[in-house]
Number of protein chains: 2
Amino acid sequence: MDRRQRRTRNLIFTAFSALLERKTYTSMTVQDIIDEADIGRSTFYAHFETKDELLKALCTDIFDHVFSEEILCEEKHDFSHHSSFRDRITHILYHLQEKQQSIRGLFSGECGEIFLRYLKEYLCQVFDEHITVSENVPHDYALDLAVSSFAETVRWWLKGHSAYSPEQMAAYYFQCSAFCIPGIIARGDDKAADPC
Amino acid sequence: MDRRQRRTRNLIFTAFSALLERKTYTSMTVQDIIDEADIGRSTFYAHFETKDELLKALCTDIFDHVFSEEILCEEKHDFSHHSSFRDRITHILYHLQEKQQSIRGLFSGECGEIFLRYLKEYLCQVFDEHITVSENVPHDYALDLAVSSFAETVRWWLKGHSAYSPEQMAAYYFQCSAFCIPGIIARGDDKAADPC
DNA sequence: TAGATACAGAACAGGTTGTCCGTTATCGGA
DNA sequence: TCCGATAACGGACAACCTGTTCTGTATCTA
């Protein structure tokens, strides 16, 4: 990659992150980013088609970091088979913590939802092999709920409670979620419903 | 309320809902809504300051319906003290099912997130008194997770799995969530984490 | 060094936004 | 039924944002 391209791309990312701490994603215009990065209009559009593409690229940058070593571990040490689900969760939390400076800005306004949506896509792959469905519960529902709950845990953690350690958060998550994960036993209450 | 105002407001709501089935919330412009509703530009702005306000108003309309009888029951029959949490959950699901036609459109694109955010605000009030925190887990975390999981359950249900009954969904939800809700027993796995 | 390529800067048309105002139609109380 | 109030119309407006195009300049790489 051309050094000039790298420089410009960094300028845009930096400007975008800086702006996210001052205003919401929706209220931010491409013009704002151009002004903040101090680059030409056509230069921005040479790198990203839209503002959404920029956000997506930033998210991808972060997740590639968070999940790349994850995958590395998996390949090199057969991580998926010998490490517990809880270890992997903790591992992911560690990497998210490293990137928390970038991530915290992303929680402003609506793009927090977009960030979480992308996060869930990555998480689905990791969670899928670990979710064991108890009888009668649809597998995709359990997976959806497990992933969403973890994403919500990350949001809660990095948005005002980042003092907790990754291990602590993993413990909270496992304590509050049943999801038929091995090691957690949940018993349903089968009392018949009585709608008003 | 003036009959003309009511009529215009309905025209706007109807147009907005109709458009939501054809295009995403973000890609929709105020101009589109005006054209669809066939009203004057200034008329729209006399009713709603922005597109976001319109969305908020529509959500409020729905939630007022979903939770008003909820509150009614609570007041008239002392619902909160004699009915189980599960009954209330089922009850809410019933009302959401009634409104599913309006709600399904709201899940298109990004406004699904906004809808769910508002839903969570309402749910917090209902859930708060029912969440019993087990030792060491922060109360607001447990509440956040319980509410988010339920909101996610609603999304999953109305977005492709609406064939299930409210009772069935309540059962799934309770089966997959620990949350220290009375009637569900969860045991945490306290095995020490071993990050890669 | 030379050709390729990224950037700057300016300009453009097309669209959206929010506001204004004079006119017309409709409503609701007397 | 009448009349004052008010909601809607519709046309116009400036300001802004968008995405594209162009030319000249600076920088990179082979």
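Here is the naming used below: chain letters follow the sequence lines, and residue numbers restart at 1 for every chain.
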Are [X] and [Y] linked by a side-chain donor-acceptor pair shorter than 3.5 Å?
| X | Y | answer |
| --- | --- | --- |
| A/Thr14 | A/Ser17 | no |
| B/Tyr141 | A/Thr153 | yes |
| B/Ser177 | B/Ser149 | no |
| A/Glu167 | A/Thr90 | no |

Please work out which of the three classes, parallel, tilted or perpendicular, describes the rings of A/Phe85 and A/Phe127, given edges at 30° and 60°. perpendicular
Between residues 3-15 of chain B and DNA chain D, which residues have a heavy-atom gap below 4.0 Å? B/Arg4, B/Gln5, B/Thr8
Whole-Å gap separating [atom2] ([N]) and [atom1] ([X]):
| X | N | atom1 | atom2 | answer |
| --- | --- | --- | --- | --- |
| A/Arg41 | D/dC16 | CZ | P | 14 Å |
| B/Glu53 | C/dG18 | CD | P | 11 Å |
| B/Phe44 | C/dC20 | CZ | P | 17 Å |
| B/Phe48 | C/dG18 | CZ | C1' | 16 Å |
| B/Gln31 | C/dG14 | CD | P | 17 Å |

Would you mind telling me which of D/dC28, C/dG9, C/dT19 lies closest to the side-chain atoms of A/Ser42? C/dG9
Just compare D/dA8, D/dT18, C/dT16 and give me whichever is closest to any side-chain atom of B/Thr43. D/dA8
I'd like to know if the side chain of B/Lys99 and the backbone of B/His65 have a donor-acceptor N/O pair within less than 3.5 Å. no
Give a yes/no answer on whether the side chain of A/His47 brings an N or O atom under 4.0 Å of OP1 or OP2 in C/dC7. yes
